There are 2 protein chains.
Amino acid sequence: MPPDAARRSDRSRRAILVAALELLEALGHSRLTIEAVAARAGVGKQTIYRWWPSKGPLLFDAFLEYGPAGADALPSGVPVVDLKRELRAAAEELAERRFDQVCRVLVHEERTDLVTLLLMPRRMALEERLRTAQRLGEVRADVDVSAAAELLLGPVYQRWFLRTAPLTGEFADAVVDLVLRALTG
Amino acid sequence: MPPDAARRSDRSRRAILVAALELLEALGHSRLTIEAVAARAGVGKQTIYRWWPSKGPLLFDAFLEYGPAGADALPSGVPVVDLKRELRAAAEELAERRFDQVCRVLVHEERTDLVTLLLMPRRMALEERLRTAQRLGEVRADVDVSAAAELLLGPVYQRWFLRTAPLTGEFADAVVDLVLRALTG
């Protein structure tokens with residue numbers, strides 16, 4: 001591609017991603033259309049379809065590039081404190097409208113591989129905290145860190161996904177307290 | 001309504017519900033259309049829309065009336081056995097194609113009130129088992145039965161919803177074993 005065309009193409013790509021994220025926030029995922037994104041970005045619909053097969057992967061890229069960057073606090077080294085902090089962060093992330101909506105589109109399009117990618121950083125951080133707790137003897141040595149992470153995240157994801165009850169920090173704390181009883185001693 | 005019209009109306013209603021469930025099984029929820037249900041049931045599209053606003057509530061009614069009836073085994077009275085049986089039943093139910101698809105349509109249509117209704121019988125049974133365990137002293141008296149049910153169901157729902165890993169009976173058993181550690185002693 002000649003330099004000018006490459007620049008134009010890159011400008012279109014950015015305009016599309018920004019437009020998609022803005023419309024997602026304004027309209028919600030079910031009312032967002034590729035047509036509306038194209039109109040707002042000043043490109044043709046076909047330009048979008050050349051790069052993305054559907055709303056899900058488009059919103060996924062938009063979120064990765066222009067969504068909030070997760071600036072995490074350094075761990076305190078006290079396992080119960082750090083686990084609560086991580087699980088609260090996971091709950092807050094899910095409550096963020098754009099994150100929530102991108103995940104829901106992807107689930108609907110059966111792209112749970114991409115949802116898993118979005119959720120992965122929190123899960124990895126949580127497993128890291130669990131490993132630290134294990135080194136400090138606050139979690140039994142025979143506990144499977146990955147299973148323990150599922151036990152912590154499961155109730156949070158359930159409330160998020162089914163909207164059965166508010167996803168509060170207090171709830172995240174209560175889950176950590178309960179699950180830690182299962183993992184210690 | 002004169003008796004004949006009422007009979008016709010009832011016949012149409014049943015034909016629509018049966019057609020919806022058959023098409024759901026054959027096509028999956030994203031390819032199922034109201035048009036196709038109308039054609040298969042031999043009614044006009046407007047007849048369907050007169051009774052149901054969208055796919056979700058239609059499939060919900062169809063599943064309640066023509067879905068599998070949950071014939072449950074009597075509890076054994078041994079808490080760990082009965083909790084495992086209930087959690088396995090919950091996992092199997094979610095793995096049933098029509099149940100899975102109806103829940104996913106309803107989530108997509110933001111009708112989690114109806115999803116919750118579908119999931120409620122299992123949840124109630126699980127809470128009942130937890131209360132029995134509490135009476136027998138195998139679950140601490142201060143444990144909130146509703147929170148404990150969320151702890152058990154959360155990881156199962158997570159695997160179902162995100163399809164992160166297979167929803168096996170062994171997994172359900174492992175969750176019960178881990179959570180019981182948190183609830184006893």
Side-chain angles (χ1 to χ4, degrees), chain A residues 28-31 54 56 87 90 100-101 103-120 123 139-140 142-144 146-165 167 170-171 173-185, chain B residues 28-31 54 56 87 90 100-101 103-120 123 139-140 142-144 146-165 167 170-171 173-185:
Chain A
H29 72 81
S30 57
R31 292 196 294 146
S54 63
L87 205 63
D100 165 277
Q101 295 285 304
C103 288
R104 286 177 188 271
V105 176
L106 290 169
V107 167
H108 185 63
E109 294 186 0
E110 306 272 1
R111 292 302 304 270
T112 45
D113 55 328
L114 296 182
V115 185
T116 305
L117 273 181
L118 285 179
L119 297 173
M120 196 50 82
R123 168 135 189 189
V139 161
R140 286 196 323 277
D142 67 322
V143 165
D144 175 347
S146 167
E150 265 187 284
L151 216 57
L152 288 165
L153 288 168
V156 168
Y157 287 163
Q158 170 187 342
R159 284 204 175 187
W160 162 61
F161 168 53
L162 294 176
R163 304 197 194 281
T164 41
L167 204 49
E170 290 70 34
F171 173 65
D173 289 354
V175 170
V176 170
D177 284 331
L178 264 170
V179 170
L180 268 185
R181 297 185 76 124
L183 306 179
T184 50
Chain B
H29 72 80
S30 56
R31 291 195 295 145
S54 62
L87 205 63
D100 164 277
Q101 295 286 305
C103 288
R104 287 178 188 271
V105 177
L106 290 169
V107 168
H108 185 63
E109 293 185 1
E110 305 273 1
R111 292 303 304 270
T112 46
D113 55 330
L114 297 182
V115 186
T116 305
L117 273 181
L118 285 179
L119 297 173
M120 195 50 82
R123 167 133 190 191
V139 161
R140 285 196 324 276
D142 68 322
V143 165
D144 174 347
S146 166
E150 266 187 283
L151 216 57
L152 287 164
L153 287 167
V156 168
Y157 287 163
Q158 170 187 344
R159 283 204 176 186
W160 162 61
F161 168 52
L162 295 176
R163 304 197 195 282
T164 39
L167 204 49
E170 289 70 34
F171 173 65
D173 290 353
V175 170
V176 171
D177 284 331
L178 264 171
V179 170
L180 269 185
R181 297 185 76 124
L183 306 179
T184 51

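Here the structure is a predicted model, which is why all the values come from computation and not from measurement. Reminder, nothing fancy here: chain letters follow the sequence lines and each chain counts from 1. Keep in mind that the numbers below use all heavy atoms, side chains included, and drop hydrogens, waters and symmetry copies.
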Worksheet item: Is a side-chain donor-acceptor pair under 3.5 Å present for B:S146 with B:R123?
Response: yes

[X] versus chain A, the contacting section by heavy-atom distance below 4.5 Å:
| X | result |
| --- | --- |
| B:Y157 | side chain |
| B:L119 | side chain |
| B:E109 | neither |

Worksheet item: Hey, which of B:V115, B:L151, B:V179 has the most heavy atom pairs under 4.5 Å with chain A?
Response: B:L151

Practice prompt. Under 4.5 Å, counting heavy-atom pairs only, tell me which of B:F161, B:W160, B:F171 racks up the most with chain A.
Written response: B:F161

Worksheet item: So does B:D100 pair up with B:R104, basic N to acidic O under 4.0 Å?
Response: yes

Over all atoms of both residues, closest heavy-atom pair of [X] and [Y]:
| X | Y | answer |
| --- | --- | --- |
| A:P155 | B:E150 | CG-O, 3.9 Å |
| A:V139 | A:V143 | CG1-CB, 3.9 Å |
| B:T116 | A:T164 | OG1-CG2, 4.0 Å |

